[in-house]
Amino acid sequence: MGKPLDIVVLVKQVPDSGAPRSLTATNATVDRETADLVVNEMDEYAIEEALRLRKDHGGQITLLTMGPEGAVSSIRKALQLGADAAVHVTDSALSGSCAVKTSLVLAAALRTLSWDIVLCGAAATDGQLAVIPAMLSARLAAPALTSARALTIDDSDTPVAHVERQTETGYQKLRAALPVIVSVTDTINEPRYPTFREIMAAKSKPILTLSLSDIGIDPGDVGVAGATSAVDDFSPRPPKGAGVIVPAGDQVGKQLVEFLAERRLIN
């Protein structure tokens, strides 16, 4: 076995995708005050993969979260899965930060940590942008291996990460020397359920809290004021209407085509 790995897993608290979600009327950002907040589902696959790497190579797993003070509840739930510790970047100025500024903050936090590999889910269910790994790669000058459906790390003197990258038609084999950033899909593993022992142990696992000043970020560069994108307008989804019934007959095919063409579903 080679050098033990320092593993960081990015974890995000998001509104439950199975519950109604909305935007705030003040700045058109996701309304988190009234939402049911949970650990981003895709991040659980990243945590599971970290646990498997630790089993094979040894080392330490640290969770990294950017979010409000209340996100500590989701951090504790994520720690129940078996990570060793967590870092929580929290500051009132962060509210409403876009993906670009989120990557700025996460990169600054990662510079304060020792890491060989950063793992994250392929996307967050609240934004579905899937851009954070690439942005962190650019900011930290570390390779990004994204959408991994399989991940292994060899035990050579200069460890290399090998992934199978999921594509629409199959997969690509990619490799990069550590340190590396890897995003994983929901086909890479099956996340475990926390044991009673881990649930109890998570209550005392260390969580380091960092403010923007701790990582050298100007509050004016983040949040709604510093965002590089914004929602100009939005409206609630219209209520579900009644379906269209087409009676059986010779004109069924024609009426179906006209129905789809009218809604620009076909040309």
Side-chain angles (χ1 to χ4, degrees), residues 1 4-21 30 32-91 94 102 105-106 109-110 112-127 132 148-151 153 181-211 214:
M1 180 179 293
L5 296 174
D6 286 324
I7 307 168
V8 175
V9 184
L10 304 185
V11 176
K12 186 177 184 182
Q13 185 186 64
V14 297
D16 188 346
S17 59
R21 290 173 288 178
V30 176
R32 301 178 188 276
E33 296 296 326
T34 61
D36 296 326
L37 300 174
V38 297
V39 177
N40 180 48
E41 180 182 354
M42 293 299 297
D43 297 342
E44 295 183 12
Y45 295 89
I47 296 172
E48 177 63 29
E49 200 60 23
L51 296 173
R52 297 184 181 200
L53 289 177
R54 187 179 64 184
K55 179 180 178 182
D56 293 339
H57 302 276
Q60 179 91 1
I61 301 172
T62 302
L63 307 181
L64 173 59
T65 296
M66 168 184 144
E69 291 183 5
V72 70
S73 60
S74 290
I75 296 173
R76 288 292 179 196
K77 286 188 176 298
L79 284 170
Q80 292 175 4
L81 297 174
D84 300 294
V87 175
H88 182 194
V89 182
T90 184
D91 198 294
L94 288 169
T102 295
V105 173
L106 292 176
L110 285 167
T112 70
L113 304 175
S114 174
W115 55 275
D116 300 300
I117 181 169
V118 173
L119 287 167
C120 60
T125 56
D126 57 348
I132 294 299
R149 73 172 197 177
L151 168 64
I153 296 178
I181 299 163
V182 180
S183 68
V184 303
T185 69
D186 58 2
T187 59
I188 195 168
N189 57 48
E190 186 65 35
R192 67 194 65 187
Y193 289 100
T195 64
F196 178 74
R197 180 179 179 181
E198 287 290 359
I199 291 173
M200 298 305 295
K203 296 180 179 180
S204 58
K205 290 180 179 179
I207 300 177
L208 173 64
T209 301
L210 298 176
S211 66
D214 292 329

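- From Tyr45, atom OH reaches atom CG of Leu119 across 15.0 Å, with rounding to the nearest 0.5 Å.
- Within a 6.0 Å sphere centred on NZ of Lys205, other residues, nucleotides and ligands contribute more than 12 heavy atoms.
- Side-chain contact between Asn189 and Val184 is absent, with no heavy atoms from C-beta onward closer than 4.5 Å.
- Taking CD1 of Ile7 as the start and CG of Asp116 as the end, the distance is 8.0 Å to the nearest 0.5 Å.
- Side-chain contact check for Thr65 versus Gln13: every heavy-atom pair is 4.5 Å or farther apart.
- Closest of all the heavy-atom pairs between Ile188 and Ala148 is CD1-O, 3.7 Å.
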Leu53 and Leu151: CA distance, side-chain angles, deciding distance, side-chain contact (heavy atoms from CB on, under 4.5 Å) verdict: CA-CA 9 Å; Leu53 289 177; Leu151 168 64; 3.9 Å; yes

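- Remark: of the listed residues Val105, Val87, Leu210, Val105 is the sole one forming a side chain to side chain contact (heavy atoms under 4.5 Å, CB included) with Met66.
- Looking at heavy atoms from C-beta onward, Arg192 lies in side-chain contact with Leu51 at the 4.5 angstrom threshold.
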Residues Leu106, Val118; criterion side-chain contact (heavy atoms from CB on, under 4.5 Å); working and verdict: CA-CA 11 Å; Leu106 292 176; Val118 173; over 6 Å; no

Verdict with reasoning, Val72 to Thr90, per side-chain contact (heavy atoms from CB on, under 4.5 Å): CA-CA 10 Å; Val72 70; Thr90 184; over 6 Å; no

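- A distance-only check finds a donor-acceptor pair linking the side chain of Asn40 to the backbone of Ala123 [under 3.5 Å].
- The minimum heavy-atom distance linking Leu81 with Pro194 is given by the pair CD2-CD, 3.9 Å.
- Between Val11 and Ile75 there is no side-chain heavy-atom pair separated by less than 4.5 Å.
- The closest side-chain heavy-atom distance from Thr209 to Glu69 is not below 4.5 Å.
- Summarising the geometry of Val38 relative to Ser74, their closest heavy-atom pair is C-OG, 3.9 Å, with the distance given to 0.1 Å.
- Scanning all heavy atoms of the two residues, the minimum distance from Gly59 to Asp84 falls at O-OD2, 4.3 Å.
- For the side chain to side chain contact (heavy atoms under 4.5 Å, CB included) criterion with Thr125, the lone passing option out of Asp16, Val14, Asp43 is Val14.
- Between Gly121 and Ala46, the shortest heavy-atom contact is N-CB, 3.9 Å.
- The distance from atom CZ of Arg52 to atom CD1 of Ile153, rounded to the nearest 0.5 Å, is 14.0 Å.
- The OG1 atom of Thr195 sits 11.0 Å away from the CE atom of Met200 when rounded to the nearest 0.5 Å.
- Rounded to the nearest 0.5 angstrom, Ile117 CD1 and Asp6 CG are separated by 11.5 Å.
- Put simply, the side chain of Leu37 reaches to within 4.5 Å of the side chain of Pro15, judged on heavy atoms.
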Residues Met42, Ser183; criterion side-chain contact (heavy atoms from CB on, under 4.5 Å); working and verdict: CA-CA 9 Å; Met42 293 299 297; Ser183 68; over 6 Å; no

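- Open room surrounds CD on Glu41; 12 or fewer heavy atoms of other groups in view lie less than 6.0 Å from it.
- No donor-acceptor pair closer than 3.5 Å links the side chain of His88 to the backbone N or O of Leu63.
- Between the CD atom in Glu48 and the CD atom in Glu190 there is a gap of 8.5 Å [rounded to 0.5 Å].
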